[in-house]
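Below, chain A is the first sequence line, B the second, and so on; all start at residue 1. What you see is a predicted model, and the numbers here were worked out from it, not measured in a lab.
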Amino acid sequence: MIKAVRGTRDLLPPDTALWNFVERKVREVFARYNYQEIRTPVFESTELFSRGVGEETDIVSKEMFTWEDKARAASEKTQSLTLRPENTAGVVRAYIEHELGRSGLLQKLYYIGPQFRRERPQKGRYRQFFQIGAEVIGPQTAGSELPMRDAEALDMLTSLMDAVGLKGWTLYLNSVGCQECRPRYNQALREALAGVKDKLCSDCQRRAETNPLRVLDCKVPEDQDIINALPKIAEYLDEGCRTHFAEVCAILDTLGVPYQVNPRMVRGLDYYTRTTFEFTHGELGAQSAMLGGGRYDGLSEQIGGPKAPGIGFAIGEDRLVLALQAQQTEAAEPLPAFVMPLGKGTNRHAMKLARELRSAGIAVDVSDESFRLKKSFETAEKLGAKYAVIVGENEVAADAFNVKDLKSGEQKTIARAELAAFLAG
RNA sequence: GUGGGUAUAGUUCAAUGGUGGAACGCCGGUCUGUGGCACCGGAUGGUGUGGGUUCGAGUCCCACUACCCACCCCA
């Protein structure tokens, strides 16, 4: 049997109803904040990610699906392509390529789509997974660098959590500084780590060399006291970064958006500057990060574009759905009516009635005249239909149909002309 | 990439080394124009793949693969 490949999966009904529910709420809420949809290609030139996301990150160094696309003609070039492991780089590439900054306006863009990383699958982690993301990017004259943009994105996210009805999340907030002050912090951290490294876990000893910031993320209990005593990023932020972060927090306080500053929260992508954040949820097991994001004031230049500060986030849609399922969110709509032909030659009459009801905007499904009425009722029950509409010879002759409420068992005869209105009400 | 666990019917699970079962689901009937209940009957796998041990292997051993969980990392 041919099966879905490792780390990929089929999303089947009734689960897809929940996915659709989430995506519908996303579009509604994001539209209220004046975001518009962007769709970028699923694969891009490998260079976009190595330059944008960062050569040293785990994503680029070992998790990308990359292949050499061979030249098929003398005029073609061989090029290295990669299935996108995230979508921010693609959006910024499109921003640069289409010179969106020339409008002078802030670009408020969102996307929904599959991303690909070659990791070992586990709960909430798949090789093809879905992200819902948004980016606010533009020239500084459009206000792209302002703390209120950061706050607005977070405000929008809490609105989305409310709209989908998700409870039990926590928003962690931090600032990782900028090109100027982060290197100074990194240096201080390395120096501090040099003294205590031997007392830390083996992972941390490795991280102290390769990526000191990651040490802050360590969860080994014995390491915690030592890590808490390390220098804090907040103490190293320069004046601009410090006031920026303070203003983000002040706006969130005014809006009543609940958050926790977590000076130890670090993010794995190189492009983040200043504000970073993460929403976690307790139902997600080890992959507790349900969404993450932050500011990336230098990304555009990093990949050859103009200065275009921005802030964005990505929601792990798979994880959001998992969290909603854990709290038993039901999204499937019941089928309003099941049309049941009864007796030889009634299929066509049932089809005609179904067509009329569907044109009137009512979702219906149709049984078959060869079914005994009992079987039609059983099928209606299994489909979760609200009403059963019998189309037998008597009904066809009278042009009025027996309609039964499947929950109460109540049954009445309704004329063809009134049927759609009755089912809709 | 590393570690642990698991792999038997559509699903959830049974089966002291001795002819593979149950429940639910599915199909039909009791019941030819009125479902949910009940009863009766039926179909469905040869045990993830490949080797080995044995008179005999879901059952023991080895390898591989897949899935789950965790590490790592991230959404």
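Considering only the side chain of A/Lys382, B/rC26 comes nearest among B/rG4, B/rC26, B/rG28. Side-chain proximity of A/Phe377 to B/rU34, B/rA75, B/rG33: nearest is B/rU34. Closest approach to the A/Arg125 side chain among B/rC73, B/rU32, B/rA70 is made by B/rC73 (side chain taken as heavy atoms from C-beta onward). Closest to the side chain of A/Arg267, from the set B/rC73, B/rA75, B/rG33, is B/rA75. Of the candidates B/rG33, B/rA70, B/rC73, the closest approach to any side-chain atom of A/Asn394 belongs to B/rG33. Each of B/rU34, B/rC74, B/rG3 was ranked by its minimum atom distance to the side chain of A/Gln411; first place goes to B/rU34. When the nucleotides B/rC73, B/rU34, B/rG33 are ranked by their closest atom to the side chain of A/Glu395, B/rG33 comes out on top. Looking at the side chain of A/Asn402, the nearest of the listed nucleotides B/rG36, B/rG33, B/rC73 is B/rG33. In this structure, of B/rG3, B/rA66, B/rG36, it is B/rG36 that holds the atom nearest to the side chain of A/Glu378. The side chain of A/Arg207 lies closest to B/rC73, out of B/rC73, B/rA70, B/rU34.
Separation of the C1' atoms belonging to B/rG20 and B/rA15 is 7 Å when rounded to the nearest angstrom. A gap of 30 Å separates the C1' atoms of B/rC61 and B/rA22, to the nearest Å. Only the C1' atoms considered, B/rC27 is 48 Å distant from B/rC71, to the nearest whole Å. On the P atoms, B/rG4 is 26 Å away from B/rA9, given to the nearest whole Å. Separation of the C1' atoms belonging to B/rG1 and B/rC73 is 11 Å when rounded to the nearest angstrom. Taking atom P on both B/rG29 and B/rG36, the two are 14 Å apart, rounded to the nearest angstrom. B/rC31 sits 42 Å from B/rG58 when the C1' atoms are compared, rounded to a whole Å. For the P atoms, the distance linking B/rG56 with B/rC72 amounts to 48 Å, nearest Å.
In this structure, the CG atom of A/Leu12 is 13 Å from the C1' atom of B/rG10, given to the nearest Å. Atom CD in A/Gln115 sits roughly 21 Å away from atom P in B/rC73 (whole-Å rounding). If you take OH of A/Tyr272 and C1' of B/rC74, they are 10 Å apart, rounded to a whole angstrom. Atom CG of A/Asp217 is separated from atom P of B/rC74 by 7 Å (rounded to the nearest Å). Rounded to an integer number of Å, the gap from NZ of A/Lys3 to P of B/rC68 is 11 Å. Rounded to whole Å, atom C1' of B/rA66 lies 15 Å from atom OH of A/Tyr126. Whole-Å rounding puts the A/Ile59 CD1 to B/rC73 P distance at 12 Å. Between the NZ atom of A/Lys374 and the P atom of B/rG33 there is a distance of 10 Å, rounded to whole Å.
Base orientation at B/rG46 is syn, since its O4'-C1' glycosidic dihedral falls within 90° of 0. Anti is the glycosidic conformation of B/rG25, whose angle departs from 0 by more than 90°.
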query = Tell me, what's RNA chain B's dot-bracket, Watson-Crick or G-U with both distances under 3.5 Å, | for other-strand, [ ] crossing?
reply = (((((((..((((....[..)))).(((((.......))))).....(((((..]....))))))))))))....
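A donor N or O paired with an acceptor N or O is not found under 3.5 Å between the base of B/rG28 and the side-chain atoms of A/Arg372. At a cut-off of 3.5 angstrom, counting only N and O atoms as typed in the model, there is a donor on one side and an acceptor on the other between the side-chain of A/Glu119 and the base of B/rA75.
The six-membered or imidazole ring of A/Phe30 lies near that of A/Tyr110, with a centre-to-centre distance under 6.0 Å. Aromatic rings from A/Phe377 and A/Phe338 are positioned such that their centres are separated by 6.0 Å or more.
Geometrically, A/Arg274 does not engage A/Phe245 in a cation-pi contact, judged by NZ or CZ lying under 6.0 Å from the ring centre and within 45° of the ring axis.
Using the six-membered ring where Trp is involved, A/Phe279 and A/Trp169 have ring planes that are tilted, between 30° and 60° apart.
The phosphate of B/rC74 (OP1 or OP2) has no side-chain N or O of A/Arg319 nearer than 4.0 angstrom.
Between A/Glu119 and A/Arg125 there is a salt bridge, since a side-chain N of the basic residue sits under 4.0 Å from a carboxylate O of the acidic one.
Mapping A/Lys407 and A/Phe279 onto RNA chain B by nearest heavy atom places A/Lys407 at the nucleotide closer to the 5' end. Positionally, the nearest nucleotide of RNA chain B for A/Glu410 lies more toward the 5' end than for the other of A/Glu410 and A/Phe129.
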